[in-house]
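Okay, structure first, notes after.
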Amino acid sequence: GTGLYGKAIEAVIKKDEAAKDEEWVFLSSKDGNLVDRAAVEAIFEKYKPTHCIHLAAKVGGLFHNMRKKVDFYRENTLINHKIM
């Protein structure tokens, strides 16, 4: 997690004594293209998670989002579809 929520969860987990024996993996867009099914499958194969907190999204700032809203919607929908 490199975004706002991912970093917040990571900070909470680091302080939580109950999570000290758990293995948490925080990924970023550098770890794989979530629009690409093969990349998503490779990530899941590599880490074999028992749970997944999906917070990934394409973002680009207010004006970029407004200019390319259909592109952002499409890509974020594809990300959700591939992860599910």
Side-chain angles (χ1 to χ4, degrees):
T2 56
L4 178 69
Y5 293 114
K7 285 294 182 195
I9 291 171
E10 189 172 6
V12 169
I13 294 303
K14 284 182 179 178
K15 295 177 186 175
D16 187 353
E17 282 295 316
K20 69 179 182 193
D21 295 327
E22 298 173 350
E23 180 182 354
W24 287 72
V25 177
F26 294 89
L27 304 176
S28 75
S29 58
K30 294 175 185 170
D31 294 293
N33 178 0
L34 299 181
V35 175
D36 177 8
R37 179 174 297 281
V40 173
E41 289 175 357
I43 289 169
F44 276 81
E45 183 61 32
K46 179 177 181 179
Y47 295 102
K48 299 185 186 332
T50 57
H51 298 77
C52 176
I53 301 174
H54 163 42
L55 302 171
K58 178 174 181 160
V59 294
L62 177 61
F63 294 109
H64 193 63
N65 288 355
M66 289 170 57
R67 279 192 306 273
K68 298 196 169 246
K69 55 188 154 207
V70 173
D71 295 334
F72 278 73
Y73 175 79
R74 181 180 177 278
E75 189 160 331
N76 285 321
T77 300
L78 286 171
I79 289 170
N80 290 333
H81 177 71
K82 303 298 188 215
I83 290 177
M84 299 307 248

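Here His81 contributes atom NE2 and Arg74 contributes atom CZ; the two are 11.5 Å apart, rounded to the nearest 0.5 Å. Separation of atoms OG1 (Thr77) and NZ (Lys58) is listed at 12.5 Å; rounding is to 0.5 Å.
Annotation for Leu4: hydrophobic cluster partners, listed by chain and number, are none (ILVMFWY side-chain heavy atoms under 4.5 Å, direct or chained).
Scanning for side-chain contact (heavy atoms from CB on, under 4.5 Å) contacts around Ala19 gives Ile13, Asp16, Glu22, Trp24, with sequence neighbours left out. In terms of the ring pair (Phe, Tyr, Trp, His ring centres under 6.0 Å) criterion, residue partners of His64 (sequence neighbours excluded) are, by chain and number, Phe72. Evaluation of the salt bridge (Lys or Arg N to Asp or Glu O under 4.0 Å) rule for Lys69 yields no partner, not counting sequence neighbours. For Asp71, the side-chain contact (heavy atoms from CB on, under 4.5 Å) test picks out Lys68, with sequence neighbours left out. Here Glu10 pairs with nothing under the side chain to side chain donor-acceptor pair (under 3.5 Å) rule; sequence neighbours left out. Under the salt bridge (Lys or Arg N to Asp or Glu O under 4.0 Å) criterion, Lys82 pairs with no residue, sequence neighbours left out. Applying the side chain to side chain donor-acceptor pair (under 3.5 Å) criterion to Asp36, with sequence neighbours excluded, gives no partner residue. Every residue was checked against the side chain to side chain donor-acceptor pair (under 3.5 Å) condition with Glu17, not counting sequence neighbours, and none meets it.
Here salt bridge (Lys or Arg N to Asp or Glu O under 4.0 Å) pairs that include residues 24-33, with residues two or more places apart or in two chains, number zero. Counting only residues at least two apart or on different chains, the salt bridge (Lys or Arg N to Asp or Glu O under 4.0 Å) pairs with a member in residues 40-52 are Glu45-Lys48. Here ring pair (Phe, Tyr, Trp, His ring centres under 6.0 Å) pairs that include residues 29-53, with residues two or more places apart or in two chains, number zero.
Each of Leu27, Asn33, Ile83 was scored for a side chain to side chain contact (heavy atoms under 4.5 Å, CB included) with Ile43, with one residue passing: Leu27.
Residues Thr2 and Ser28 come closest through the heavy atom pair CG2-CB, 3.3 Å. Taking each heavy atom of Gly6 and Leu55 in turn, the nearest pair found is N-CD1, 3.7 Å.
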Could you go through Ile9 and Phe26, starting from their C-alpha distance and side-chain angles, then the distance that decides it, and tell me whether this counts as side chain to side chain contact (heavy atoms under 4.5 Å, CB included)?
CA-CA 9 Å; Ile9 291 171; Phe26 294 89; 4.0 Å; yes
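Linking Ile, Leu, Val, Met, Phe, Trp and Tyr whenever their side-chain heavy atoms come within less than 4.5 Å puts Val25 and Leu34 in one cluster.
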